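In this chain, residues are counted from 1 in sequence order. Please read all numbers here as calculations on a predicted model, not as lab measurements.
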Amino acid sequence: LTMDLSRKYLHRVITYPTSKGLSLTDLWNTAMADVQMTGVFETDFCMDEWRDVIQSQQITSLEDYLTVQRTGRGKQFDRAGREKFWKVAEQYRALCDRKNVRDADWAQNQLVEIVRSTPDCRYKTVIVDECQDLRTPALRMLRALAGEQRKNDMYLSGDTRQRIYGGRISLSQCGIQINNRSRVLKLNYRTTEEIYNFAMQLQKEYQYDDMDGKSMSKDQSTCIFHGPAPFLRHFGDPEEEAQEMIRHIRKLMDASVLPSDIAVMVRSNQLLYAMRSRLERNGLQVLSVTSQQPDDKSIPGVRLMTMHRGKGMEYAYVYLPCLCRDILPSRRDLEKAADEEMLHEIYLSEANLLSVAITRAKKQVWLSYSGRPSELMERYIR
């Protein structure tokens, strides 16, 4: 939707950090080079600062940026640092204009006023699923698309325990009023109580919000199905781990379980490529489910995907291998943490991600690691 509206009203193409051709990464690297700031900031820092501070709070001037709160962004950023970054941001804006591109957050903020003044853009009802993963600019744009608040103007569903793309949001600050209009859904129809309770153990140390600035009460969900408890296995090395998992998968297939009802989920694309090679070397047919390849039930094979890609999916049997230290969370993400607050958010996001992956299973879930376990798994091992 953002792409279509951006082309029609902004006459700009949306680009992302890894887009082919001209990517956000390229644009920020060029902007830093143009103003002689290469090496002063990391590219990821620039993209996050632009997204989570400037676009989230609709900052349009240096004066406002110098005084804005940067909650959740780590250590204090002094005036000199902000002034340097603002030069990079201004050059980034200029490059985007020159190349006729926008990032999604910037485009969504610009589209709000256009939508408000263009009646043809309005929708009778806007329905949003997984709204906990939307950022503030997207919610502002959706509010504008729904027009003035009225009965049945918007329907949103979400669960902050499944937030895996970061960024706390306040619906009311986006013009979406939920006071006396919200309901908590308490029946779980997908997975078993044993799987659900196992997943919830990952999140019991964290506080979750209601997407409007208030703390969420203790989970009161009820599962209507029961089944075997998830089991956690430790192996000496990745090859031994893969071989035992493959034997386990073959037993299911020998018991007439369809390969398309079995999913293997891993933390990263790098692990996905390595796992596909292992599975295929051992004679298993595999369908890699990616952003370019949806899960097509007419295509045979065990499903293989990243944990992020598994969000919203469901399978009878789910395998979660490689839950190792330095993989979940990744060492690279941990090194980016500037202080305890950012470190907390990283572990919270990873706990949510693993919990989401576990609850993709309707009947049974396998978890395994080799070497040292992820810190998130240690509570199960003691």
**Asked** Nearest heavy-atom pair of Glu194 and Phe225: which atoms, and what distance?
**Response** OE1-O, 4.4 Å

**Message:** Are Met245 and Met275 packed together at the side-chain level, in the sense that at least one heavy-atom pair is separated by less than 4.5 angstrom?
**Reply:** yes

**Message:** Hydrophobic cluster membership, with links at side-chain heavy-atom distances under 4.5 Å among I/L/V/M/F/W/Y: are Tyr123 and Leu142 in one?
**Reply:** yes

**Item:** Salt bridge flag under 4.0 Å for residues Arg79 and Glu83
**Value:** yes

**Request:** In plain terms, say whether Arg51 and Asp48 are close enough for a salt bridge, that is, a side-chain N and a carboxylate O under 4.0 Å apart.
**Result:** yes

**Request:** For Thr125 and Asn152, indicate whether the former's side chain and the latter's backbone hold a donor-acceptor pair under 3.5 Å.
**Result:** yes

**Prompt:** What about the rings of Phe45 and Phe77, do their centers lie closer together than 6.0 Å?
**Reply:** yes

**Message:** For a 4.5 angstrom cut-off between non-hydrogen side-chain atoms, does Ile346 reach Pro329?
**Reply:** yes

**Message:** Is it the case that atom NZ in Lys297 sees more than 12 heavy atoms from other parts of the structure closer than 6.0 Å?
**Reply:** yes

**Message:** Grouping I, L, V, M, F, W and Y whenever their side-chain heavy atoms are under 4.5 Å apart, do Val53 and Ile169 come out in a common cluster?
**Reply:** no

**Prompt:** Can you find a pair of side-chain heavy atoms, one from Tyr189 and one from Ile224, that are under 4.5 Å apart?
**Reply:** yes

**Asked** Could you give all pairs that pass the salt bridge (Lys or Arg N to Asp or Glu O under 4.0 Å) test and reach residues 172-186, with sequence neighbours left out?
**Response** Asp153-Arg181

**Asked** Just checking, any donor-acceptor pair under 3.5 angstrom between side chains of Tyr347 and Glu375?
**Response** yes

Donor-acceptor pairs under 3.5 angstrom involving side-chain atoms of residues 300-307: please list them, not counting sequence neighbours.
residue: Arg303; atom: NE; partner: Asp295; partner atom: OD1; Å: 2.8
residue: Arg303; atom: NH1; partner: Ile299; partner atom: O; Å: 2.9
residue: Arg303; atom: NH1; partner: Gly301; partner atom: O; Å: 2.6
residue: Arg303; atom: NH2; partner: Asp295; partner atom: OD1; Å: 3.0
residue: Arg303; atom: NH2; partner: Asp296; partner atom: O; Å: 2.7
residue: Arg303; atom: NH2; partner: Ile299; partner atom: O; Å: 2.8
residue: Thr306; atom: OG1; partner: Arg309; partner atom: N; Å: 3.1

**Request:** Say whether Ser172 and Ser170, considering side chains only, have a donor N or O and an acceptor N or O under 3.5 Å apart.
**Result:** yes

**Asked** Cut-off 3.5 Å, side chains only: do Thr30 and Trp28 have a donor facing an acceptor?
**Response** no

**Item:** Spatial distance of atom CG (Leu5) from atom CG (Leu1) [nearest 0.5 Å]
**Value:** 4.5 Å

**Prompt:** Who passes salt bridge (Lys or Arg N to Asp or Glu O under 4.0 Å) against Asp326, sequence neighbours left out?
**Reply:** Arg331

**Complete:** d(Ile176 CD1, Arg140 CZ) to nearest 0.5 Å is 10.5 Å

**Request:** Taking the side chain as every heavy atom from C-beta outward, state whether Met32 and Gln91 have any atom pair closer than 4.5 Å.
**Result:** no

**Message:** Measuring only between side-chain heavy atoms, which start at C-beta, is Asn109 closer than 4.5 Å to Arg102?
**Reply:** no

**Geometric cation-pi criterion, Arg93 with Trp86: 6.0 Å, 45°** = yes

**Request:** Check for a donor-acceptor pair, side chain of Ser19 on one end and backbone N or O of Leu22 on the other, with a separation under 3.5 Å.
**Result:** no

**Item:** Cationic N near anionic O, under 4.0 Å, Glu113 to Arg116
**Value:** yes

**Any pair counted as salt bridge (Lys or Arg N to Asp or Glu O under 4.0 Å), so long as it reaches residues 274-283, sequence neighbours left out** = Glu239-Arg278, Glu239-Arg281, Arg276-Glu280

**Request:** Report yes or no: do Gln108 and Thr2 form a side-chain donor-acceptor pair below 3.5 Å?
**Result:** yes

**Message:** Taking Asp64's backbone N and O only, do any of them form a donor-acceptor pair with Ser61's side chain (distance below 3.5 Å, no angle check)?
**Reply:** yes

**Prompt:** Got Tyr16 and Asp103 here, is their nearest side-chain heavy-atom distance under 4.5 Å?
**Reply:** no

**Cluster check Leu287, Ile249: I/L/V/M/F/W/Y, side chain < 4.5 angstrom** = no

**Item:** Side-chain (Arg143) to main-chain (Gly147) donor-acceptor, under 3.5 angstrom
**Value:** yes

**Message:** So, taking the atom named CG in Leu376 and the one named CD in Gln203, what distance separates them when rounded to the nearest 0.5 Å?
**Reply:** 10.5 Å

**Message:** Salt bridge check, Asp105 against Arg135: does any charged N sit closer than 4.0 Å to a carboxylate O?
**Reply:** yes

**Prompt:** For the ring pair Tyr196 and His226, is the centre-to-centre distance below 6.0 Å?
**Reply:** no

**From CG (Leu24) to OG1 (Thr15), nearest 0.5 Å** = 5.0 Å

**Prompt:** So do Met253 and Leu284 actually touch side chain to side chain, heavy atoms under 4.5 Å?
**Reply:** yes

**Request:** List the atom of Val365, the atom of Pro230, and the distance in Å for their closest heavy-atom pair.
**Result:** CG1-CB, 3.2 Å

**Prompt:** Rounded to the nearest 0.5 Å, what separation is found between the CH2 atom of Trp106 and the CD atom of Gln55?
**Reply:** 7.5 Å

**Message:** Restricting to non-hydrogen atoms, name the atom on Ala199 and the atom on Thr359 that form the minimum distance, rounded to 0.1 Å.
**Reply:** CB-CG2, 3.7 Å

**Request:** Please say whether the positively charged group of Arg360, taken as NZ for Lys or CZ for Arg, lies over the ring of Tyr315, i.e. under 6.0 angstrom from the six-membered ring centre and within 45 degrees of the axis.
**Result:** no

**Asked** Are Leu139 and Tyr155 co-members of a hydrophobic cluster defined by side-chain heavy atoms under 4.5 Å apart?
**Response** no

**Item:** Shortest non-hydrogen contact between Pro17 and Thr25, atoms and distance
**Value:** O-OG1, 2.9 Å

**Asked** Within a reach of under 6.0 Å around CZ of Arg372, are more than 12 heavy atoms found that belong to other residues, nucleotides or ligands?
**Response** no

**Message:** Show, in sequence, the C-alpha distance, side-chain angles and deciding distance for Leu10 and Ile114, and conclude whether the side chain to side chain contact (heavy atoms under 4.5 Å, CB included) test is met.
**Reply:** CA-CA 9 Å; Leu10 300 178; Ile114 294 173; 3.5 Å; yes

**Fill in**
Distance col, row Glu42:CD vs Glu335:CD, nearest 0.5 angstrom, shows 9.5 Å

**Prompt:** Taking side chain as C-beta onward, heavy atoms only, is Tyr317 less than 4.5 Å from Trp366?
**Reply:** no

**Minimum-distance pair of heavy atoms, taken over all atoms of Pro373 and Glu378** = CG-CG, 4.3 Å

**Prompt:** Any luck finding a side-chain donor-acceptor pair between Thr43 and Asn29 under 3.5 Å?
**Reply:** yes

**Request:** Say whether Leu279 and Val257 are linked into one hydrophobic cluster, either directly or through other cluster members, by side-chain heavy-atom distances under 4.5 angstrom.
**Result:** yes

**SB check Lys311 Glu130 (cutoff 4.0 Å)** = yes

**Message:** Applying salt bridge (Lys or Arg N to Asp or Glu O under 4.0 Å), can you list everything that pairs with Glu49, at least two apart in sequence or on another chain?
**Reply:** Arg70, Arg73

**Request:** Show your working on salt bridge (Lys or Arg N to Asp or Glu O under 4.0 Å) between Asp120 and Lys8 and close with a plain yes or no.
**Result:** CA-CA 12 Å; Asp120 290 346; Lys8 184 174 182 179; over 6 Å; no

**Message:** When you compare the side chains of Asp159 and Gln132, does any donor N or O come within less than 3.5 Å of an acceptor on the partner?
**Reply:** no

**Prompt:** Which heavy atom in Cys223 sits nearest to a heavy atom in Thr191, and how many Å separate them?
**Reply:** CB-O, 4.0 Å

**Message:** Whether the Asp129 and Ser157 side chains hold a donor-acceptor pair (N or O, under 3.5 Å, no angle test) is what I'd like checked.
**Reply:** yes

**Asked** Which pairs with one or both residues in residues 255-271 pass side-chain hydrogen bond (donor to acceptor under 3.5 Å, both in side chains), sequence neighbours excluded?
**Response** Arg267-Glu350

**Donor-acceptor pair between Asn352 and Tyr208 side chains, under 3.5 angstrom** = yes

